[in-house]
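One structure is given here, and the rest of the page talks about it.
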Amino acid sequence: MRYQMNRRGVLKAGAATMAATALTPLATAARSEPSRGGDLRMGIAGANTSDSWDGRTHSDSFMIMHGHGCVFDCLTEVTASGELIGELAENWEASPDAKVWTFNLRKDVTFHNGKPFGADDVLESLMMHTAEGAKSAAKPIVSAIQGMEKLTDHQIQLTLAAGNADFPYLMSDYHILMYPAGMVEEAIANGIGTGLYKVENFDPGVRLVCSRVDGHYKDGRAGWFDSVESIAINDASARMNALMTGEVDAVNRVDFKIETLLRANPNIEIFEVTGNQHFTFPMLTNVDPFTDVHVRKALKYAVNRQEMVDKILLGHGKIGNDHPIGPANQYYHSELEQLEYDPDKARFHLKEAGMDSLAIDLSASDAAFPGAVDAAQLYQASAEAAGISINVVQEAADGYWSNVWLKKPWCACYWSGRATEDWMFSTAYELGVPWNDNHWDNQRFQDLLFEGRAELDSDRRREIYHEMQALMSAEGGTIIPMYANYVDANSTKLTHGPDLGNLWQMDGSRIAERWWMA
């Protein structure tokens, strides 16, 4: 069953109504009604000893899940069924050109330290991302805000430099958490948010324990557990074993190698959704030899994409085409010519680059994505036929995102995808943004990015985003061999509603809010 991401109501007060964006949350049979009680125990991959409650730095699943899906809130939220709703914002409206946005804030919200939530908190939380020296992945979003104004204690107005039809979606970004004004550093140090669960103990890279907040504004519609305990288990085998032995009730990133064993256990359920998650090999195109488009093309033809889907994902996904717009996006270019494994074409482009052969390093760790090292070795094997010698450098899992990604010339990576095309392109492919992990400089692509962002006509947006996908597939600096389903697992002690969100792992990273004891 397919659902629509409902953009109705996103643009109000005369602004154009946007067309729906198709997502594919998992529909399930009717389940018991939610009720309070019980303790959620999870084994979660994607933790690092450098983790903190600074949302600007969140980049992997442990902090994404416990930041915006547990301890903190954002202004807006994408529901499990794909609808955009208000979280700390009750509603919003825009000018006809989508440049001026007015958000009405909830009045019944307090931070975990008792401070009432209001307009000052939103403005200070937004300004964090553009402060001098701030290294925020959400800087491209917030820097587009030309003016911020407090209209009342619970109403703000944000004026953009250019119209952006998707702006309310961007306010659900997991980096843009709301902190108490005047005490941001304290909130980062201690995890003081407005979320359903408050921090009792946090040992970065090891363990988190939270307790349910009484009298929360989401009472009766979310937050059913009395407590949440998450153990950092980056090793896949250890994580699966913790679920099978009952040490934890849910895990992310199922190890496909033992999936059959998990499915044979009557006390375990596997939940899988199709989204926009994609596994990548970005290259720094401002570093030789990746500056040469023919070298990039050679690498595109030297990878056997179907083999990776078959052997790494074991069928839990589909082949990619070297652009990040996934099958769950509204403007996915399904008719774009598919890049195929072709060693002869790879050799041709090497010669065009003036090379008879090529020797390069590829950094990889299973911290990048499950099976990343195996995928790199498959790439190594397929590239040999094209005269390309890939040296797979196995990197340490801890610190991978701070020591390897964005620093090594070619490495393994993953992206969860984003709900809108502009959100994805702006986060990772706009020149100068912090998370641009390939530095591909194509003026036509950049011009289209800004044009598409402000365009309200759906047909024209489709043309723009199709051309951007084609440009990136042909010349870009990121190899995207596969889209991967989210495959997580849980004990039958747990249950959930009829839909599972597919923006991130673990029900849109909001399992702590949305699930309950069966």
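As the structure is a computational prediction, the values presented were derived from the model and not from experiment. In this chain, residues are counted from 1 in sequence order.
Put simply, the side chain of Arg253 reaches to within 4.5 Å of the side chain of Ser61, judged on heavy atoms. Looking only at side-chain heavy atoms (C-beta outward), His175 and Arg56 stay at 4.5 Å or farther from each other. Counting only heavy atoms from C-beta outward, the side chains of Phe117 and Asp73 never approach each other to under 4.5 Å. A heavy-atom distance below 4.5 Å is not found between the side chains of Val213 and Thr194. Here the side chains of Met244 and Ile258 are in contact, with some heavy-atom distance below 4.5 Å. At a threshold of 4.5 Å between non-hydrogen side-chain atoms, the residues Cys74 and Tyr174 do not count as touching. The closest side-chain heavy-atom distance from Met283 to Leu362 is not below 4.5 Å. Counting heavy atoms from C-beta outward, Trp515 and Leu500 have side chains that approach closer than 4.5 Å.
Checking side-chain atoms of Lys407 against main-chain N and O of Ser402 turns up a donor-acceptor pair under 3.5 Å. The closest donor-acceptor contact from the side chain of Asp507 to the backbone of Gly501 lies under 3.5 Å. Side-chain N or O atoms of Asp361 include none that pairs as donor or acceptor with a backbone N or O of Trp410 at under 3.5 Å. Checking side-chain atoms of Asn190 against main-chain N and O of Glu186 turns up a donor-acceptor pair under 3.5 Å. Gln277 places no side-chain N or O within 3.5 Å of a backbone atom of Tyr414 that could act as its donor or acceptor partner. In terms of modelled atom types and a separation under 3.5 Å, the side chain of Arg305 and the main chain of Ile480 share a donor-acceptor contact. Side-chain atoms of Arg212 do not come within 3.5 Å of backbone N or O of Trp224 as any donor-acceptor pair. A side-chain donor-acceptor contact under 3.5 Å links Asp235 to the backbone of Ala238. Under a 3.5 Å cut-off, the side chain of Thr285 and the backbone N or O of Trp440 do form a donor-acceptor pair. Without hydrogens or angle criteria, Tyr486 side chain to Leu503 main chain gives a donor-acceptor distance under 3.5 Å.
For Ser363, the side chain to side chain donor-acceptor pair (under 3.5 Å) partners two or more places apart in sequence, or in a different chain, are Glu395. Listed by chain and number, the residues in a side-chain contact (heavy atoms from CB on, under 4.5 Å) with Ser227 are Asp39 (sequence neighbours excluded).
Among all heavy-atom pairs drawn from Asp488 and Val254, the shortest one is C-CG2, 3.5 Å. Nearest heavy-atom pair, Pro327 versus Lys318, reported as atom, atom and distance to 0.1 Å: CG-CD, 4.0 Å. When all heavy atoms of Ser52 and Thr57 are compared, the closest pair comes out as OG-OG1, 4.0 Å. Of all heavy-atom pairs between Tyr483 and Tyr332, the closest is OH-CE1, 4.3 Å. Contact record, Thr280 with Pro282: OG1-CD, 3.5 Å, taken as the closest heavy-atom pair. Across all their heavy atoms, Ile44 and Arg239 have their closest contact at C-CD, 4.2 Å.
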Does Met424 form a side-chain contact (heavy atoms from CB on, under 4.5 Å) with Trp415? I'd like the steps, not just the answer.
CA-CA 9 Å; Met424 184 67 244; Trp415 285 89; 3.6 Å; yes
Is there a side-chain contact (heavy atoms from CB on, under 4.5 Å) between Thr478 and Met472? Walk through the geometry before answering.
CA-CA 8 Å; Thr478 301; Met472 189 172 169; 4.3 Å; yes
Go through the steps for Leu336 and Ser473 under the test side-chain contact (heavy atoms from CB on, under 4.5 Å), then give the verdict.
CA-CA 9 Å; Leu336 181 63; Ser473 177; 3.9 Å; yes
Step-by-step side-chain contact (heavy atoms from CB on, under 4.5 Å) determination, Asn490 to Glu269:
CA-CA 5 Å; Asn490 63 278; Glu269 295 177 335; 3.4 Å; yes
Could you please spell out the steps behind the side chain to side chain donor-acceptor pair (under 3.5 Å) verdict for Ser426 and Arg418?
CA-CA 10 Å; Ser426 299; Arg418 295 295 188 269; over 6 Å; no
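Expressed to the nearest 0.5 Å, how far OH of Tyr429 lies from CG of Asn436 amounts to 8.0 Å. In this structure, the separation between CG on Asn502 and OG on Ser416 is 11.0 Å, given to the nearest 0.5 Å. Taken from SG in Cys411 to CG in Asn403, the straight-line distance is 12.0 Å, to the nearest 0.5 Å. The distance from atom SG of Cys210 to atom NZ of Lys198, rounded to the nearest 0.5 Å, is 10.5 Å. Atoms OG and CD, from Ser334 and Gln469 in turn, are 9.0 Å apart once rounded to the nearest 0.5 Å. Between the CD atom of Glu421 and the NE2 atom of His333 there is a distance of 12.5 Å, given to the nearest 0.5 Å.
Using cut-offs of 30° and 60° on the angle between ring planes, the pair Trp504 and His68 is perpendicular. In this pair, Phe62 and Phe202 present their aromatic rings parallel. The plane angle is below 30°, not in the 30 to 60° band.
Side-chain N/O atoms of Tyr400 and Asn234 include no donor and acceptor closer than 3.5 Å. In this structure, a donor-acceptor pair under 3.5 Å is present between the side chains of Trp401 and Asp60. Side-chain atoms of Gln306 and Asp310 form a donor-acceptor pair, as typed in the model, at a separation below 3.5 Å.
Arg41 has no carboxylate O lying under 4.0 Å from a charged side-chain N of Glu247, or vice versa, which leaves the two without a salt bridge.
Proximity of the aromatic rings of His316 and Phe256 is defined here by a centroid distance below 6.0 angstrom, and this criterion is met. Taking the six-membered ring for Trp and the full ring otherwise, Phe72 and Tyr179 have centroids separated by under 6.0 Å.
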Enumerate, atom names and distances included, each donor-acceptor pair closer than 3.5 Å involving a side-chain atom of residues 367-381, sequence neighbours excluded.
| unit_1 | atom_1 | unit_2 | atom_2 | d |
| --- | --- | --- | --- | --- |
| Asp374 | OD2 | Lys257 | NZ | 3.4 |
| Tyr379 | OH | Leu299 | O | 2.6 |
| Gln380 | NE2 | Ile390 | O | 2.8 |

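Figure legend: cation-pi geometry between Arg514 and Phe271 absent, as NZ or CZ is not positioned both under 6.0 Å from the six-membered ring centre and within 45° of its axis.
A salt bridge (Lys or Arg N to Asp or Glu O under 4.0 Å) with Glu87 is found for one member of Arg510, Arg221, Arg106 and no other, namely Arg510.
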